[in-house]
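Before any comments, here is the structure.
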Protein chains: 2
Amino acid sequence: MTGVSAQPSRDAARAEAVDDLIDALRLFTVESDVFVDVFARAHGLGRNDLNAIMWISQGTQSGHPITPGELTSRLGLGAPAITGLVDRLENAGHVRRERDPHDRRKVTIVMQPSALQLAIDFFVPLGRLMHETVADIDADDLRRLTEVVRRMTHAVTVARDATDAPATPSAEG
Amino acid sequence: MTGVSAQPSRDAARAEAVDDLIDALRLFTVESDVFVDVFARAHGLGRNDLNAIMWISQGTQSGHPITPGELTSRLGLGAPAITGLVDRLENAGHVRRERDPHDRRKVTIVMQPSALQLAIDFFVPLGRLMHETVADIDADDLRRLTEVVRRMTHAVTVARDATDAPATPSAEG
DNA sequence: GCCGAATATTTCATTCAGCGAAGGATCTGT
DNA sequence: ACAGATCCTTCGCTGAATGAAATATTCGGC
């Protein structure tokens, strides 16, 4: 299937390099997950609450405020969980609900300053550490890595969709 | 720390490259987190249960079986949560408790075949997708990128420890 | 060899996030 | 205006994680 079978050791070496990269990314994900949890807990929030703030922040700053329904698919939770989540954030003063004037069924979630501050507190120290960590890496290498990570992210979403709906080849609609 | 201040645009470009990389890694983490949750739920487990299986798998295969106490720090949960977690996995037949003969206070957690199968089901399809995704990337590039990801992981753990224990200046030697 | 401190895991009662089912409000098509 | 679909919320419940206390085992002093 490889097309060229005259270089087995080279293929094997590349496969091992890919496996190492996958393992490194997996470890990064696990450690990041723990970090998010620790940070969220230190600020009286849950893991999903903090991730929700990230999405809400991105939505607000891009001029396209997010709705509970979108959060539902972003976080992979059920609708009632999102209601409770937004209740918690609103109760803590981090966000505010607003009715969409065009579609009064929909609710837009707008960030409050404290949520922005929370996002800053989360990102800035970690970002500084990361910048220092790769200070000696060539910029082109960094760009190549970014591209690879984006592709890997795409692979994850594909695998997730395949797991989420494994037995719906063409119907379901 | 830059030493050279005569190339501001080059520094700015590199900083932007780093920021892009950080953003890509963040998105990768978020999507991976959702994927883990979806996969775990599809197999009747929770997020932490699956992550625990990963650590237990690694411990068992490295000939150094993990203990509940180690899982406590690996997953960032409390000790009682680990007891319940191992209870669930043991009840589902995925792991088995064994007392450490040298230190009979300790309990070692050993994998059962079903847990190995679960880990395989999780990794193999995703791994195949990822291998295909980076099929056109040079092996040397991949190795350099892996090193960067490992450093980033280290940065995350440092940031986590700083958040976890922000007021212990002289302790941990 | 025995007693008390320290370590590792478990049990107990409680809290809280998330799910499924049902409900209320609003938009769309006719 | 009415029926159906869509979006969000409320209600009752399951289950995972927590802090405090209990149990079992090892280590140090005498």
Side-chain angles (χ1 to χ4, degrees), chain A residues 33-34 36-53 55-56 59 65-92 94-110 164 172-173, chain B residues 33-34 36-38 40-53 55-56 59 64-92 94-110 164:
Chain A
D33 198 40
V34 174
V36 167
D37 198 48
V38 167
F39 182 90
R41 201 168 303 241
H43 290 261
L45 297 174
R47 224 185 319 211
N48 289 324
D49 302 59
L50 190 56
N51 279 330
I53 284 182
W55 287 114
I56 295 167
I66 203 169
T67 69
E70 282 181 307
L71 267 186
T72 296
S73 54
R74 295 283 192 215
L75 298 183
L77 299 178
I82 301 298
T83 297
L85 191 154
V86 176
D87 279 350
R88 287 195 298 274
L89 294 183
E90 193 171 34
N91 198 14
H94 289 318
V95 304
R96 222 161 59 80
R97 279 181 168 95
E98 272 188 15
R99 286 271 170 211
D100 186 335
H102 296 305
D103 243 337
R104 290 177 49 79
R105 293 171 301 180
K106 290 184 181 176
V107 168
T108 57
I109 308 169
V110 295
D164 209 1
E172 128 183 43
Chain B
D33 198 39
V34 174
V36 168
D37 198 46
V38 167
R41 201 169 302 240
H43 290 260
L45 298 174
R47 224 183 324 210
N48 289 324
D49 301 57
L50 191 57
N51 279 331
I53 284 182
W55 287 114
I56 295 167
H64 185 323
I66 203 170
T67 68
E70 282 182 306
L71 267 185
T72 297
S73 54
R74 295 284 192 213
L75 297 181
L77 299 178
I82 301 298
T83 297
L85 191 154
V86 176
D87 279 350
R88 287 194 298 274
L89 294 183
E90 194 172 33
N91 197 17
H94 290 317
V95 305
R96 222 161 60 81
R97 281 181 167 94
E98 274 188 14
R99 295 223 87 99
D100 186 335
H102 296 305
D103 209 341
R104 291 176 49 78
R105 293 171 300 181
K106 290 184 179 176
V107 168
T108 57
I109 308 169
V110 295
D164 207 2

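Computed from a predicted model, the values in this text were never measured in an experiment. Just so we're on the same page: letters track the sequence lines, and every chain starts at 1.
Using a distance-only test at 3.5 Å, with no hydrogens or angles considered, no donor-acceptor pair links the side chain of B:Thr108 to the main chain of B:Ile66. One N or O on the side chain of B:Arg99 and one on the backbone of B:Arg105 form a donor-acceptor pair closer than 3.5 Å.
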Side chains of residues 68-84 of chain B: which donor-acceptor pairs under 3.5 Å do they make with residues two or more places apart or in other chains?
residue, atom, partner, partner atom, Å
B:Glu70, OE1, B:Thr67, N, 3.4
B:Thr72, OG1, B:Pro68, O, 2.9
B:Ser73, OG, B:Glu70, O, 2.9

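The heavy-atom pair separating A:Arg97 from A:Glu90 by the smallest distance is NH1-OE1, 2.7 Å. Between A:Gly46 and A:Ala40, the shortest heavy-atom distance links the atoms O-CB, 3.4 Å.
In this structure, A:Val110 and A:Ile56 have side chains that are not in contact, with every pair of non-hydrogen atoms separated by 4.5 Å or more.
Distance check: A:Glu98 CD to A:Arg96 CZ gives 5.0 Å after rounding to the nearest 0.5 Å. One distance of note links CG of B:Asn48 with CG of A:Asp37; it measures 7.5 Å at 0.5 Å rounding. One finds the CZ atom of B:Arg88 at 4.0 Å from the CG atom of B:Asp49 (value rounded to the nearest 0.5 Å).
Remark: A:Asp33 engages A:Arg47 in a salt bridge (Lys or Arg N to Asp or Glu O under 4.0 Å) (not counting sequence neighbours).
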Between B:Leu89 and B:Leu45, is a side chain to side chain contact (heavy atoms under 4.5 Å, CB included) present by the stated rule, with each step listed? CA-CA 9 Å; B:Leu89 294 183; B:Leu45 298 174; 4.1 Å; yes
Run A:Arg104 and A:Asp100 through salt bridge (Lys or Arg N to Asp or Glu O under 4.0 Å) and show every step you take. CA-CA 5 Å; A:Arg104 290 177 49 79; A:Asp100 186 335; over 6 Å; no
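Of the residues in residues 40-50 of chain B, those placing a heavy atom less than 4.0 Å from an atom of DNA chain C are B:Arg41, in numerical order.
Annotation: the terminal axes of the helix from C:dG1-D:dC30 to C:dT30-D:dA1 meet at 30°, where each axis is the rotation carrying the C1' atoms of four end pairs onto the next four (5 pairs per end, rounded to 10°).
Between A:His102 and A:Arg88, the residue anchored nearer the 5' end of DNA chain C, judged by the nucleotide with its closest heavy atom, is A:Arg88.
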For each nucleotide in nucleotides 1-13 of chain D, reading 5' to 3', give B when a protein heavy atom comes within less than 4.0 Å of its base, S when such contact involves only the sugar-phosphate, and - otherwise. -----BSSBB---
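When heavy atoms are screened at a 4.0 angstrom cut-off, A:Ala81 is found touching the sugar-phosphate backbone but no base atom.
On the nucleic acid side, DNA chain C has its first and last nucleotide under 4.0 Å of a heavy atom of chain B at C:dT7 to C:dC19, going 5' to 3'.
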